[in-house]
Amino acid sequence: MTVTDPIRHNWAGNQQFSAVRCIRPQSLAEAQAVIADTSRIRPIGTAHSFSPLADTSQVQLSLAGLPREIEIEADSNEVWVSAAVTYGDLAPVLMEHGRALHNLASLPHISVAGACATGTHGSGDRLGNLATAVTGMRLIRADGRLVEIAGAELAAEVVALGCLGAVTHLRLATERFYEVAQVVFDDLPRARLVDSLDEIFGAATSVSVFTTWDESERCQVWLKQRCDVTSSWPQTSWLGARQRTTPAHPLPDHDPINCTAQLGEPGPWFDRLPHFQMAFTPSSGDEIQAEYLLPRDMASQAIQAIEGIRAIVHPILHATEIRSVAADDLWLSPNYERPTIGIHFTWHKTNAVYDVLPIIDELLAPLGARPHWGKVTTFTPEMIVRGYPRFDQFAKRVRELDPEGKFSNSMTDALMGAAMRDRVT
Ligand SMILES: Cc1cc2nc3c(=O)[nH]c(=O)nc-3n(C[C@H](O)[C@H](O)[C@H](O)COP(=O)(O)OP(=O)(O)OC[C@H]3O[C@@H](n4cnc5c(N)ncnc54)[C@H](O)[C@@H]3O)c2cc1C
């Protein structure tokens, strides 16, 4: 077992961690023993969350010291991965075996366990978030027991914010290897986005719309189409937008050299679904991210609401990305039981963000927005908890499985407290 200084801050540096040390067990038995013997401990992945979710006041538990495993089951083609494996580690191995995942987020450097614990997503009307690929998991409970979960129980356990135990392995559904081609359209009027949302997000397997909310009132649309799906691209001129004939970067005036290939050139799923190539880290951490996950039928209204305050949003924003995510049945998934449109903001790293977020909250909370678990939010814990019909049941499960609050931190304590107060009032 290795005991080190704690990881001091998250990837972006907007969260300073208060842990006193980090423990990296080298075996499952060591991990079980340290969890059983420690009063406050919290699993950490690659610390990419912008929210304080990965913090703890005592011991960080990194599972990166456990043997790295990626094992494809011969009969089912499902893949078991150890918790610290990243999507960047996993994708080439799946490709070697002629397999693929259903989707990816924008960044391959995050751990599979950390991504699934927060309901991390890519885009696609018919594609669930990354946690929906989970068909089994092994985790260590607060008392040190190693348990295996499958079937109906997964709904409560997959998106669990690190509160139900330390996940050591995940079993993921895979599909036959597929190729994807992508094209980019410039200058879609934002008014058309509002009017033609279903047409736009239905135009390809995975669609992302970028805008800076500038006065041009234009968006850029990235369409990614599976090559095994028979349908054609929209015409070169579509809804007032025009198809690019040179590669694009999601941010205006940035060099597209590290972006995945466009112009309709087919390539492996993992080299098209993210906007940036696997070997490239798309930004330096000089940013803060926030995202509001809205019921799809509220999305046009939400976009119009942001349009109304674009004068305060645009000056402190790198870019907004709008994506769609299919509904699922995972209790704490931001996509729980509703098709979703995510309105994401990559902000400059400035405190002014925290003045603008409450204004956006006021506009989007009444539309049913749920904030992304891994990004910053100024929603109160009560507002967050009320967005999840099964939060109360989740809190009950946490109390049963971790009665001493071993895996909790200040953020999860606040959520559990809000759930409790909600029951009493
Ligand atoms: C540049 C950048 C791009 C991003 N792009 C996207 C995107 O496209 N889509 C999107 O939805 N999100 C995106 N995110 C957010 C990111 O996907 C989430 O914050 C994700 O949780 C990060 O994974 P991680 O491994 O760093 O987890 P951490 O931040 O380390 O931890 C997150 C949570 O997972 C829990 N956890 C971690 N490991 C385990 C384990 N083994 N067992 C139990 N619980 C565990 C932690 O306790 C914590 O609660 C992005 C973040 C960054 C920095």
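Side chains included, hydrogens not; waters and symmetry mates left out as well; all remaining heavy atoms used. We count ligands from 1, going down the list as the structure has it; atoms in each ligand are counted the same way.
- The aromatic rings of F345 and W213 lie parallel to each other, their planes meeting at an angle below 30°, with 60° marking the opposite boundary.
- Between L161 and ligand 1, an N or O atom pair is found at a separation short of 3.5 Å.
- Ion pairing between R421 and E382 holds under the 4.0 Å rule for side-chain N and carboxylate O.
- Contact annotation for A117 and ligand 1: only side-chain heavy atoms (C-beta onward) come within less than 4.0 Å of the ligand.
- Atoms CG and SG, on D5 and C22 in that order, are 9.5 Å from each other to the nearest 0.5 Å.
- Taking any N or O of V167, backbone or side chain, at least one lies under 3.5 Å from an N or O belonging to ligand 1.
- Counting atoms of ligand 1 from 1 in the listed order, those under 4.0 Å from a heavy atom of R323 are 7 (C), 8 (O), 9 (N).
- Summarising the local packing, CD of E404 is surrounded by 12 or fewer heavy atoms from other residues, nucleotides or ligands at distances under 6.0 Å.
- Using a 4.0 Å cut-off between charged nitrogen and carboxylate oxygen, R40 and D413 count as a salt-bridge pair.
- A salt bridge links E175 to R226: at least one charged side-chain nitrogen sits closer than 4.0 Å to a carboxylate oxygen.
- Checking G342, P43, S49, P108 against atom 46 (C) of ligand 1, the nearest heavy atom belongs to P43.
- Atoms of ligand 1 found under 4.0 Å from any heavy atom of H121, numbered from 1 in the order shown, are 7 (C), 8 (O), 9 (N), 10 (C), 11 (O).
- If you run side chain to side chain donor-acceptor pair (under 3.5 Å) between S208 and each of E321, K224, H344, only E321 comes through.
- The side chain of T118, and not its backbone, has at least one atom closer than 4.0 Å to an atom of ligand 1 (non-hydrogen atoms only; side chain from C-beta on).
- Distances between N or O atoms of G45 and those of ligand 1 include at least one value under 3.5 Å.
- Applying the 4.0 Å criterion to heavy atoms of A105 picks out, from ligand 1, the atoms 7 (C), 8 (O), 9 (N).
- The heavy atom nearest to atom 4 (C) of ligand 1, considering only S106, G374, P52, is found in S106.
- For the 3.5 Å distance criterion, the side chains of T260 and Q182 qualify, holding a donor opposite an acceptor.
- Interatomic distance, S51 OG to Q289 CD, rounded to the nearest 0.5 Å: 11.0 Å.
- By the 4.0 Å heavy-atom criterion, E321 is excluded from the residues contacting ligand 1.
- Ligand 1 lies less than 4.0 angstrom from a heavy atom belonging to Q289.
- Taking distance alone, with nitrogen or oxygen atoms compared against 3.5 Å, A54 stays at or beyond that limit from ligand 1.
- At a 4.0 Å heavy-atom cut-off, ligand 1 touches L63 through the side chain alone.
- In the vicinity of A166, heavy-atom distances shorter than 4.0 Å reach the ligand 1 atoms 42 (N).
- If you look at H275 and F210, their ring centroids are closer than 6.0 Å.
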Go through T2 and Q26 one step at a time and tell me if the side chain to side chain donor-acceptor pair (under 3.5 Å) criterion holds.
CA-CA 8 Å; T2 318; Q26 309 294 310; 2.9 Å; yes
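- Ligand 1 has no atom lying under 4.0 Å from any heavy atom of H344.
- Residue contacts with ligand 1, taken as heavy atom pairs separated by less than 4.0 Å, involve A83 solely via side-chain atoms from C-beta onward.
- In this structure, S51 has no heavy atom closer than 4.0 Å to ligand 1.
- Taking distance alone, with nitrogen or oxygen atoms compared against 3.5 Å, H48 approaches ligand 1 more closely than that limit.
- With a 4.0 Å cut-off on non-hydrogen atoms, F50 touches ligand 1 through its side chain and not its backbone.
- Between S111 and ligand 1, an N or O atom pair is found at a separation short of 3.5 Å.
- The side-chain tip of R244 does not point at the ring of W222 from less than 6.0 angstrom away and within 45° of straight on.
- Under the 6.0 Å distance and 45° angle rule, R386 does not count as a cation-pi partner of F391.
- Contact annotation: for M137 versus ligand 1, there are no heavy atoms closer than 4.0 Å.
- Backbone and side-chain nitrogen or oxygen atoms of E291 are examined, and none is located within less than 3.5 angstrom of a nitrogen or oxygen of ligand 1.
- Aromatic ring pairs are classed by plane angle as parallel below 30°, tilted from 30° to 60° and perpendicular above 60°; the pair W11 and F50 is perpendicular.
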